[in-house]
Amino acid sequence: MTSPLLPFLCLSMILLPLQLISVVAQTKTKLAIGDSHTAGKSTTPWLVSSPSGVFAFGFLPLENSPDDFILCIWYANIQNKTVVWFANREKPAPKDSKVELTADDGLVLTAPSGDQLWKTGTSVRVSSGVFNDTGNFVLQDGGSNSVWESFKDYRDTLLPYQTLEKGQKLSSKLRGNDFNSGRFELFFQNDGNLVMHSINLPSGYSNENYNESGTIESNTASAGIRLVFDRSGDLYILRANNEKYILSDGSIGPSTTQFYLRATLDFDGVFTLYQHPKDSSGSGGWTSVRSYPENICKSHLAAASSGVCGYNSICKLGTDKRPTCQCPKWYSLVDPDDPYGSCKPDFVQECVEDEDSNIKDLYDYEVLIDTDWPLSDYVLQKPFNEDQCKQSCMEDCMCSVAIFRLGDSCWKKKLPLSNGRVDPTLNGAKAFMKVRKDNFSLIGPPIIVKKNSRNTLILVGSVLLGSSAFLNLILVVAICLSTSYVFQYKKRLRRLGKNDLETNLRCFTYEELEEATDGFDKVLGKGAFGIVYEGVVNMGSITRVAVKRLNTFLLEEVQKEFKNELNVIGSTHHKNLVRLLGFCETESERLLVYEYMSNGTLAKLLFDGEKPSWQLRLQIASGVARGLLYLHEECSTQIIHCDIKPQNILLDDYCTARISDFGLAKILNMNQSRTNTVIRGTKGYVALEWFKNMPITAKVDVYSYGVLLLELVSCRKSVEFEIEDEAKAILTEWAYDCYSEGALHALVEGDKEALDDMKTVENLVLIAIWCVQEDPGLRPTMRTVTQMLEGVVEVEVPPCPSQVTIQYSLN
Ligand code: ATP
Ligand code: MG
């Protein structure tokens, strides 16, 4: 018996191929007048350029706003659609916008509201549209002559077979996924010179060229006619005498047989030739083959613009020859979503008349090596030595950074800083970047309060005398109100500041951190409380981080540890402390996310390999001292670190010392400081009071600092058991012996720089001996230590530090 379903089965077998044919037929290569396509209606492109479907033409949704569309041509048969030409760059097309081929105006793009968003516009009547295999869409008249081509309506990309003609330019996108006109142009001038410049938005004013081909008429060569991107992947300027000025040739680069190619003026101003393997198994997507200019951070210089990056930002070239922009330390992005934008200081820098405070006491400095903002100078001082340069900026309320170069030249610069870049050819130039010492972050608008009360009174008095009684009344009321407002605002500011800091930490999910660390793949190191992994997170910009995953088998201990870290580090803010960026807390996991310290630990620097320079060691000594001073005296609650040792001093990009690991720290109120429970800290660095059941005070850190200082001077560990001469095993004891025997040079044997600076060596050893005094009362405070280091306080002859010898064992 035949099934009653059979006729339906037969029918569907006939219909299925028909459906498939109709899907294929929707995408074609040719358009007739009246053909149209609607945004968001179907996911198939309007046109596909060839049977293999290399290019497609149609609507793509915008990444950031998926209900808006761009009419464009893209590389279609690779994994990530790559747009190579687009129509409506300034006016995104809302869903249901329609593009239609008309005889009078060519392609016309209309919004559902009826607004015309874009059109090709031609002077000749159009009869058809053809999409070529090269990715060129061509409008033709009745005689099949081209009347408009996408290849001649330039955007940001050239494709093989395309040329850039005289008087024409490529204009970059604003950002990677923002099609609005950007800040860079590649212009083939009428004189034959191919130039690159930035423009100031929104006026479009062109800045000076940062790259030129120089292909203009000369005795030896004739001028360029056009830029050619030929089928073999050669990119060259064709000269009038038919010679080629090669930008990149196929013999060393890619070729269209194996690769898809494009040459794009990227939004960051680099003209890059990219290749993508045609073979779909080929991995890696688009890779850059050639870049113009080679180093945009160095070559781009424009007097009346911010440079490649925003104002106050620093441009650094990546290995892919593309620039990245970074805010200096204690500066942050004005728009956190725009990593290429301007940076603002996180602190207030103002010129306030103030009799009480000495301006240089308010500020500190960061040293950046080989970094410059070449066009922001307001004064050059020469001859000046490094100290004079630094001092002169610190004492000058206008100065934001001073660059010391060439052995005697000091350029002082003011905000906003422009054209910032890292330039290794500056040969060790130092930038002293001024930062505010205290914890004065800028929350809300800054209030400029004239602190000199006498002046305020004079001002108020003279205004009162010079105006009518009614106005006086209003003025008095206004002054009262504004004084009360300022008072309330400052109170709120203080309150807000606290809350802000508390919530400033980002709360990550476990999955986020798993992804950020590539599945906890790269171990940076292990400590007593867990393993530290390297990772990358997006915090407005791509940020490298160190993720500490606390051991969970010690759950109760860990919980305590975790909370300590959060409370303590979360509310600290100092350039010599490692910053905690966020955390993650799940039922079974506790993780902490820190700023990544690219130069590792001080232990590695001091004890592995070559000795670091004397200057760097001095700089680290003073950095650690300042960080400790902050913890002890300058942050809202006194913090005793309890585990100062070279493993807990990390070094950032600029080798600034940053104290890490507050896991053992306790916030000690004065009354708590008498309770001494378990010994905290690491053998060789802990003070005697831990063993003697004495009160634990900030002086335990001073002790550890003393040991660290001796390690910095001598580049050896505090305790070395395997040493031949037993008298040298304990560094503190040996150092005192050397000092008392007048043989300090033994501590720095073979270290020429230190031997040439024995005065400083002696000074540091004396300070260290004071710090490691057995009696905590004899040890200086960290404030006195910093003053002694700076030479403000004289270092007296210390007594012998210890009457008791601690017995160290190997385990
Ligand atoms: P302890 O547990 O006694 O503090 P430790 O300091 O060696 O010992 P961790 O603080 O867990 O242990 O750090 C382990 C290692 O991870 C460090 O020695 C360092 O190499 C690396 N590390 C820690 N924090 C960072 C960071 N923020 N950036 C880069 N590396 C880091
Ligand atoms: Mg540590």
Side-chain angles (χ1 to χ4, degrees), residues 329 505-506 508 513 516-518 520-537 539 542-554 557-558 560-562 564-566 568-570 572-584 589-609 620 623-624 627-628 631 639-666 678-686 690 700-701 704-705 707-708 711 717-719 811:
K329 221 188 292 174
L505 296 177
R506 175 150 152 209
F508 291 91
L513 293 184
T517 55
D518 229 349
F520 299 104
D521 186 37
K522 190 165 172 208
V523 175
L524 287 171
K526 290 180 188 166
F529 288 95
I531 303 180
V532 183
Y533 300 90
E534 187 178 332
V536 191
V537 296
M539 314 255 313
I542 301 300
T543 311
R544 274 173 97 186
V545 290
V547 179
K548 190 186 242 187
R549 190 177 181 184
L550 299 172
N551 293 328
T552 38
F553 58 85
L554 293 164
E557 264 302 291
V558 165
K560 248 193 255 164
E561 185 75 9
F562 190 70
N564 269 355
E565 291 269 310
L566 287 194
V568 178
I569 314 187
T572 56
H573 194 67
H574 189 275
K575 68 175 188 136
N576 295 111
L577 301 182
V578 172
R579 204 159 176 180
L580 179 68
L581 302 172
F583 64 97
C584 162
E589 295 277 358
R590 304 281 185 276
L591 300 108
L592 296 166
V593 181
Y594 296 95
E595 275 178 292
Y596 177 78
M597 296 289 120
S598 58
N599 280 310
T601 66
L602 176 59
K604 197 175 103 219
L605 183 82
L606 282 183
F607 310 136
D608 294 353
I620 292 171
V624 177
L628 277 176
L631 290 176
I639 295 167
I640 303 179
H641 187 291
C642 297
D643 198 15
I644 289 294
K645 59 179 177 180
Q647 289 78 3
N648 280 338
I649 310 298
L650 300 176
L651 301 161
D652 65 15
D653 294 356
Y654 311 105
C655 274
T656 304
R658 312 276 295 264
I659 301 173
S660 80
D661 235 336
F662 295 75
L664 296 172
K666 248 196 170 294
V678 201
I679 294 182
R680 292 156 179 271
T682 304
K683 210 160 52 182
Y685 301 88
V686 291
W690 288 111
V700 296
D701 287 345
S704 311
Y705 178 80
V707 179
L708 188 94
E711 291 181 318
K717 290 181 186 160
S718 64
V719 185
N811 40 34

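One-based numbering along the sequence shown. Scope of the values below: all heavy atoms of this structure, side chains included, with no hydrogens, waters or symmetry mates. Read the numbers this way: they start at 1 and go in the same order the structure lists the ligands and their atoms.
The CG atom of L602 sits 6.5 Å away from the CD1 atom of I649 when rounded to the nearest 0.5 Å. Put simply, CG on L550 and CD1 on I531 are 11.0 Å apart, with the number rounded to the nearest 0.5 Å. Interatomic distance, K575 NZ to K329 NZ, rounded to the nearest 0.5 Å: 7.0 Å. Expressed to the nearest 0.5 Å, how far CZ of R658 lies from CG of L650 amounts to 9.0 Å. Rounding to the nearest 0.5 Å gives a distance of 12.5 Å between NZ of K526 and CZ of R549.
Atoms of ligand 1 lying under 4.0 Å from at least one heavy atom of K645, given by number and element, are 1 (P), 3 (O), 8 (O). Close contacts of ligand 1 with Y594, meaning ligand atoms under 4.0 Å from a residue heavy atom, involve 27 (N). Less than 4.0 angstrom separates some heavy atom of K548 from each of these atoms of ligand 1: 9 (P), 10 (O), 11 (O). Heavy-atom proximity to D643, at under 4.0 Å, picks out these atoms of ligand 1: 3 (O). Atoms of ligand 1 found under 4.0 Å from any heavy atom of N648 (numbered from 1 in listed order, with element): 4 (O), 6 (O). Atoms of ligand 1 found under 4.0 Å from any heavy atom of K526, numbered from 1 in the order shown, are 7 (O), 12 (O), 14 (C).
In plain terms, the two heavy atoms of L628 and I659 that are nearest each other are N-CD1, 3.7 Å. The two residues H641 and D661 come nearest to each other via the heavy atoms NE2-O, 2.9 Å. Looking at every heavy atom in both residues, T601 comes nearest to Q647 through CG2-O, 3.7 Å. When all heavy atoms of E595 and L577 are compared, the closest pair comes out as OE1-O, 4.3 Å.
One of the N, O or S atoms belonging to N648 lies under 2.8 Å away from the Mg ion (ligand 2). Using a cut-off of 2.8 Å, one finds that D661 contributes an N/O/S atom close to the Mg ion (ligand 2).
Any N or O atom pair closer than 3.5 Å counts here, and V532 shares no such pair with ligand 1. The distance criterion of under 3.5 Å between nitrogen or oxygen atoms is not met by T601 with respect to ligand 1. At under 3.5 Å, not a single nitrogen or oxygen of Y596, backbone or side chain, sits near a nitrogen or oxygen of ligand 1.
Between atom 26 (C) of ligand 1 and the options S598, G525, A546, the minimum heavy-atom separation is to A546. Nearest-residue assignment for atom 21 (C) of ligand 1 (options V523, L524, L602, I649; heavy-atom criterion): L524.
The backbone N or O of L513 lies less than 3.5 Å from a partner atom in the side chain of T517, making a donor-acceptor pair.
When non-hydrogen atoms are compared, ligand 1 lies under 4.0 Å from the side chain of L650 (C-beta onward) but not from its backbone. Of the heavy atoms in D661, only side-chain atoms (C-beta onward) come closer than 4.0 Å to ligand 1. With a 4.0 Å heavy-atom cut-off, ligand 1 is reached by the backbone of E595 but not by any atom from C-beta on. Proximity of E534 to ligand 1, defined as any heavy-atom pair under 4.0 Å, is not found for any part of the residue.
For K717, the NZ atom is loosely surrounded, since the number of other residues' heavy atoms within 6.0 Å does not exceed 12.
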